Amino acid sequence: MWTFASFVTFSSLITLVSAGYKIPQRSGFNLTWSDTFSQPGSVSSEWQYDIGTSYPGGPLNWGTGEVQRYTTNAQNIYISPNKQLNIIPLRNPRTGEWTSGRIETVRDGFKCQAGGEMIIESRILLPRGGRQEGVWAAFWAMGRRFRRKGNDGWPMTGEWDIMEAANGEDMVLGTVHCGVNPGGPCNEPNGIGGTTSIVRGIFNTYSLRVNRTLGDWQKQSLTWSMNGVEYHRIRGFDIGDSETWASLVHEPFFLIFNVAMGGGFPNAWARKDTPTAETTPGYGMLVDWVAVYNT
Ligand SMILES: *[C@@H]1O[C@H](CO)[C@@H](O)[C@H](O)[C@H]1NC(C)=O
Ligand SMILES: *[C@@H]1O[C@H](CO)[C@@H](O)[C@H](O)[C@H]1NC(C)=O
């Protein structure tokens with residue numbers, strides 16, 4: 001049976017493998033924001049916790065059918081002594097309730113300037129092992145106007161899913177959401193996504209590059225990479241509507257890390273309801289650092 005202590009042992013083994021990280025330089029770019037999670041304990045004041053099962057007044061279960069309740073408890077979300085953000089879903093053995101963690105940056109001005117480029121990237125470990133049906137880990141971003149307008153603006157306010165992983169599979173998805181739901185230029189509610197295979201149990205770097213080098217919006221792009229290898233690209237002409245593209249690419253965004261349990265995304269991949277009675281608590285996500293670069 002799983003215990004908290006056994007996960008701590010697992011995560012200390014990981015540290016031996018990954019000690020000595022460093023945020024890479026990006027030639028031609030300036031590092032404009034980063035967090036190396038260097039202060040063990042709770043996250044810094046750069047972050048705010050999302051708590052409960054919805055934004056205030058927002059759709060239930062965070063709009064996706066996910067079943068967990070987000071807490072600020074150190075068992076669910078904490079920075080370990082080895083300077084990694086840990087987000088850990090747990091099941092209350094008495095009630096069966098799942099809890100987990102979700103944080104978003106207070107800052108919501110992450111923006112690619114006209115004529116410029118921006119890279120958002122993070123070094124993340126998705127654990128191997130256990131029964132991970134329903135575990136849904138994500139590194140993503142939403143448009144600032146989602147905060148300003150309340151919950152009514154999505155998906156026109158834009159969403160970049162830089163890395164999503166479900167059910168313990170050896171695969172991640174990079175996706176955008178935009179326009180209207182259902183349907184629209186981003187084929188909602190699915191969005192427009194691409195996948196790449198990954199190795200679990202080690203750190204991998206997941207990046208989104210926003211390219212506004214050219215003024216012609218149809219030739220601007222969003223590019224997803226894993227360990228520097230591109231696997232998905234969307235250009236303005238794929239979206240086909242200048243106003244929707246401007247909402248998706250020219251507006252400022254905020255960043256989010258979370259591990260959900262269950263909901264539409266893992267259920268669709270698993271072709272069944274998740275999490276199941278067999279799902280193993282304690283398998284979430286470790287984050288070594290997150291960085292934003294601009295030209
Ligand atoms: C950015 O977009 C321009 C115009 O499409 C292209 O020429 C350039 O190669 C892109 N940069 C990268 C790094 O892909
Ligand atoms: C990086 O920042 C410096 C100082 O603000 C600026 O002079 C330089 O042009 C920036 N580099 C790029 C690639 O934007």
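Computed from a predicted structure; not experimentally measured. What's counted below: heavy atoms across the whole structure, side chains too, no hydrogens, waters or symmetry copies.
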- What about Trp47 and Trp140, same hydrophobic cluster or not, with Ile/Leu/Val/Met/Phe/Trp/Tyr joined at side-chain heavy-atom distances under 4.5 Å? no
- Query: Between Arg123 and Tyr206, is there a donor-acceptor pair closer than 3.5 Å when you use the side chain of the first and the backbone of the second?
  - Reply: no
- Query: What about the rings of Phe37 and Tyr78, do their centers lie closer together than 6.0 Å?
  - Reply: no
- Message: Please evaluate residues His250 and Arg212 with respect to the criterion side chain to side chain contact (heavy atoms under 4.5 Å, CB included), reporting the C-alpha separation (whole Å), side-chain torsions for both, the decisive distance (0.1 Å), and the verdict.
- Response: CA-CA 8 Å; His250 302 174; Arg212 292 182 70 186; 3.2 Å; yes
- Closest contact, heavy atoms only, Met285 versus Ala137: SD-CB, 4.0 Å
- Message: Test of understanding: clusters of I, L, V, M, F, W, Y form through side-chain heavy atoms closer than 4.5 Å, transitively. Do Phe265 and Met171 belong to the same one?
- Response: yes
- Item | Heavy-atom donor-acceptor pair, Asn267 side chain to Asp273 backbone, under 3.5 Å | no
- Measure the spacing between CG of Leu173 and CE of Met163 and express it to the nearest 0.5 Å. 10.5 Å
- What is the distance from atom CG of Asn227 to atom CZ of Phe203, rounded to the nearest 0.5 Å? 12.0 Å
- Message: With no hydrogens and no angle check, just 3.5 Å: does a side-chain donor-acceptor pair link Asn30 and Tyr293?
- Response: no
- Item | Donor-acceptor contact below 3.5 Å, side chain Thr157 vs main chain Gly143 | no
- Strictly by modelled atom types, are Asn294 and Thr32 linked by a side-chain donor-acceptor pair under 3.5 Å? yes
- Between Pro40 and Pro81, which heavy-atom pair has the shortest distance, and what is it? CG-CA, 3.8 Å
- Main-chain N/O of Thr244 paired with Asp241 side-chain donor or acceptor, under 3.5 Å: yes
- Message: Centre-to-centre under 6.0 Å for Phe257 and Phe139, is that the case here?
- Response: yes
- Do Glu159 and Trp154 get their side chains close enough for a donor-acceptor pair, meaning under 3.5 Å? yes
- Check Asn61 against Val67 and note the closest heavy-atom contact, atom names and distance. ND2-CA, 4.2 Å
- Any side-chain heavy atom of Glu117 within less than 4.5 Å of one from Arg26? no
- Closest contact, heavy atoms only, Ser42 versus Ile79: O-CD1, 3.7 Å
- Task: Please test Arg145 against Ser247 for side chain to side chain donor-acceptor pair (under 3.5 Å), starting from the C-alpha separation and ending with a verdict.
- Result: CA-CA 9 Å; Arg145 291 179 309 153; Ser247 296; 3.1 Å; yes
- When rounded to the nearest 0.5 angstrom, what is the spacing between CD1 in Ile202 and CG in Leu125? 8.0 Å
- Assert yes or no for the condition that the ring centre distance of Trp136 to Trp98 is strictly below 6.0 Å. no
- Can you tell me how far CD1 of Ile77 sits from OG1 of Thr72, rounded to the nearest 0.5 angstrom? 9.0 Å
- Task: Consider only side-chain heavy atoms of I, L, V, M, F, W and Y, link residues closer than 4.5 Å, and tell whether Trp269 and Tyr231 are in one cluster.
- Result: no
- Determine whether the side chains of Asn211 and Thr213 contain a donor N or O and an acceptor N or O closer than 3.5 Å. yes
- Message: Evaluate Thr99 against Gln68 for side chain to side chain contact (heavy atoms under 4.5 Å, CB included), listing each step before the verdict.
- Response: CA-CA 5 Å; Thr99 54; Gln68 83 299 323; 5.9 Å; no
- Task: Check step by step if side chain to side chain donor-acceptor pair (under 3.5 Å) holds for Asp170 and Ser197.
- Result: CA-CA 6 Å; Asp170 296 326; Ser197 59; over 6 Å; no
- Whether Arg107 side chain and Glu46 backbone form a donor-acceptor pair below 3.5 Å: no
- Message: Please give me the minimum heavy-atom distance between Cys178 and Ile239, naming the atom from each residue.
- Response: SG-CD1, 4.2 Å
- Query: Can you check whether Pro56's main-chain N or O pairs, donor with acceptor, with Ser54's side chain at less than 3.5 Å?
  - Reply: no
- Query: Short question: side chain of Thr71, backbone of Asn73 - any donor-acceptor pair under 3.5 Å?
  - Reply: yes
- Query: Same cluster for Tyr49 and Tyr55 if Ile/Leu/Val/Met/Phe/Trp/Tyr side chains link at under 4.5 Å?
  - Reply: no
- Validate the cation-pi geometry between Arg102 and Trp62: distance from NZ or CZ to the six-membered ring centre under 6.0 Å, angle to the ring axis within 45°. yes
- Query: Linking I/L/V/M/F/W/Y whenever any side-chain heavy atoms sit under 4.5 Å apart, do Val292 and Leu85 land together?
  - Reply: yes
- Item | Ser221 and Arg209: side chain donor to acceptor below 3.5 Å | no
- Query: Is it true that the NZ or CZ of Arg147 lies under 6.0 Å from the centre of Phe254's six-membered ring and within 45 degrees of the ring axis?
  - Reply: yes
- Note on the structure: The reported gap from CZ in Arg233 to CH2 in Trp224 (rounded to nearest 0.5 angstrom) is 10.5 Å
- Using modelled atom types only, decide if a donor and an acceptor are shared between the side chain of Trp160 and the backbone of Leu248 within a distance under 3.5 Å. yes
- Could you give me the CA-CA distance, side-chain angles and deciding distance for Glu278 and Thr280, then say whether side chain to side chain contact (heavy atoms under 4.5 Å, CB included) is met? CA-CA 6 Å; Glu278 281 77 43; Thr280 320; over 6 Å; no
- Could you tell me whether the side chain of Val172 reaches within less than 4.5 Å of the side chain of Leu126, counting heavy atoms only? yes
- Item | Partner of Ile87 by side chain to side chain contact (heavy atoms under 4.5 Å, CB included), out of Val287, Leu286, Val259 | Val259
- Audit row: Lys83, Asp288, salt bridge (Lys or Arg N to Asp or Glu O under 4.0 Å) steps and yes/no: CA-CA 7 Å; Lys83 300 175 180 168; Asp288 194 3; over 6 Å; no
- Query: Taking Thr105 for the side chain and Leu255 for the main chain, is one N or O donor matched with an acceptor at less than 3.5 Å?
  - Reply: yes
- Task: Please check if any side-chain donor atom of Trp245 sits under 3.5 Å from a side-chain acceptor atom of Gln218, or the reverse.
- Result: no
- Item | Sole candidate of Asn187, Asp161, Ile234 that passes side chain to side chain contact (heavy atoms under 4.5 Å, CB included) when paired with Val176 | Ile234
- Would you check if the side chain of Asn204 reaches a backbone N or O of Val199 as a donor-acceptor pair within less than 3.5 Å? yes
- Message: For Thr64 and Glu66, which I'm curious about, is there any donor-acceptor pair between the side chains at under 3.5 Å?
- Response: yes
- Criterion ring pair (Phe, Tyr, Trp, His ring centres under 6.0 Å) against Trp33, the qualifying member of Phe110, Trp289, Phe253: Phe110
- So which heavy atom on Glu121 is nearest to which on Ser207, and how close? OE1-OG, 2.6 Å
- Message: Would you say that more than 12 heavy atoms from the other residues, nucleotides or ligands in this model lie under 6.0 Å from the CD of Glu97, or not?
- Response: yes
- Message: Return the CD1 to CD1 distance between Ile162 and Ile256, rounded to the nearest 0.5 Å.
- Response: 9.5 Å
- Query: What do the steps show when you test Glu133 against Lys272 for side chain to side chain contact (heavy atoms under 4.5 Å, CB included), and what is the final call?
  - Reply: CA-CA 9 Å; Glu133 292 99 337; Lys272 63 181 174 191; 3.9 Å; yes
